[in-house]
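Contents: one structure, followed by commentary.
Counting starts at 1 for both ligands and their atoms, in listed order.
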Amino acid sequence: MNLGQVYTKRIVADYMVGLFTLKGKAKMLDPCFGHGVFINSVLENTEFLIDGVEIDEKSFSLFENPNTRRCSLKNCDFFDIEDMYDGIIMNPPYVRQEELNALQPLGVSKQKLQTSCGLMTISSKANLYMYFFLRSILLLRDGGELIAIFPNSWTNTPVGKQFYEQICHYGCITDFINIEGEAFEGSPMVDVCILKFVRGESGNTKYKQMTICPTGVLSIASLNKPGENKTTGLVELQTVAKVRRGITTGFNKLFVNPTLFTRDHLVEILSSPKNIKGYSTNHCKLDTMLAIKDGDVLNEDETNYLENCSSVILKEGKPQTLKSMIEKGQPWYYITLPETAQIIFSYIVRSNLKFVLNEGRCNVRDNFYMISSSHNQYLLLALLNNYHVFRQLELCGKSYGKGVLKLQTYDISDIKIPHPTALSKEDTDRLIKLSEDLVATSNEGKIEAISDILNTYYGVEDAKDKFLELKSKRLTKYE
Ligand SMILES: C[S@@+](CC[C@H](N)C(=O)[O-])C[C@H]1O[C@@H](n2cnc3c(N)ncnc32)[C@H](O)[C@@H]1O
């Protein structure tokens, strides 16, 4: 019986896990875990909880649950699973339609597969991995993410076209990564791709090329922009992290450090880069912010305060947005707190460019960008705090007058960095250590050491000199 037992290399599994933008204790599924490569990677690289399913008794019993608090395992047919998930990751079995009947002894039949995919139109010639993919879509909550690796022979066939149409009906393929080299353990399968699908999402697909060298090093290049150098293996920061602006209050005078006697709806917030010492938000000076959300019950102190504020806003006629909300009788004082980010960056820069580890997991105001990712935070901090990146920022930033540089969110999203999984194990460990030292000591020599390690990945030896030259040109023009 062919159960499509081909196993994903750990480096590829780590890359796939890094594609999730889900946060915290998201609920994940690997519907056919085999030897458990995705389960191990998820447990080691994220905080997610994961369910694993495997139909093959032997594979199931050979894999020992590495963390029974975060992972639960089932020996059953994936098509019997009914739970909903935030994320699904898989290397589904490649079994041709002619071989599907042979799976009857395990309770798998073509009819069961069709039924489990509900109203989706699926060709009777579909391969088992297509059923896996489509059924998984139905088990995703809205906004849920599905990341799968499988052969890409489907892309030019009528069955594949129908498969693609069904997928697009339920959301968007946000990433299509074509793989060159061997993604599977000892396997000769060549044409493989990774798809990332987000349920309920619309938009464009990012096309990328992954190259896996025989030495095990993995590099990624974006195929969307013509002329981009495909050999460097550098990727845009946005492929591994999300960059957002901090919290906008709409009227800081009212919301930040409000004159309230009660603290029921006050949260702490970092509102100025001046309040940070070094490269960590630990021990930074915090302000308070009034954060009321829909459904909260206001106390008398807050009701009086907001009434006073609305009279002032109406009298002064500003801020315009709040004024018109008050006039229309709309709730004008709600503030939604986003999830805090691992790294923050103050985007108006005079002298020091620096990415700060948000160790205190502070809320931050909109004079910071928030950078979140499922990759190791110290590694990402090293990939940002170095002269290769500072030089890019000097080049793309806009003048904000008097030598001050302003960086937009897209400037930060577009920064080119080596993909975290493309680094050698030794370099990864060294970068993490240097980053930890930088946070602990604020010693800028660490930035130089980080930059030196990254020289080979950027193919540049003199990033520091180039950065200093650009910076001094910017500053001396205004002296
Ligand atoms: C391509 S392998 C992938 C294994 C592992 N996830 C990896 O990437 O290394 C597919 C796995 O699916 C399992 N499998 C096949 N049909 C299944 C089904 N209906 N339900 C659950 N697991 C199944 C096979 O036993 C095999 O271990």
Let me know which of Lys25, Arg141, Lys27 forms a salt bridge (charged side-chain N to carboxylate O under 4.0 Å, His left out) with Asp86.
Arg141
Any idea which protein heavy atom is nearest atom 23 (C) of ligand 1, and the distance to it?
Ile55 CG2, 3.4 Å
Using heavy atoms and a 4.0 Å limit, tell me yes or no: is Pro92 in contact with ligand 1?
yes
Can you establish whether the number of heavy atoms outside Glu98 located under 6.0 Å from its atom CD is more than 12?
yes
Distance to 0.1 Å, residue and atom name: give those for the protein heavy atom nearest to atom 6 (N) of ligand 1.
Cys32 O, 2.9 Å
If we number the atoms of ligand 1 from 1 as shown, the ones under 4.0 Å from a heavy atom of Pro31 are 21 (C), 22 (N)
For atom 27 (O) of ligand 1, what's the nearest protein heavy-atom neighbour? Residue, atom name and distance, please.
Glu54 OE1, 2.8 Å
Can you check whether Leu381 reaches Gln342 side chain to side chain, under 4.5 Å on heavy atoms?
no
Starting from atom 1 (C) of ligand 1, what is the nearest protein heavy atom, named by residue and atom, and what distance separates them?
Gly4 O, 2.9 Å
Consider only side-chain N and O atoms of His35 and Asn40, and report whether a donor and an acceptor are under 3.5 Å apart.
no
Atoms of ligand 1 close to Val37 [distance to a heavy atom under 4.0 angstrom, numbered from 1]
7 (C), 8 (O), 9 (O)
Hey, does Tyr94 sit under 4.0 Å from ligand 1 if you only count heavy atoms?
no
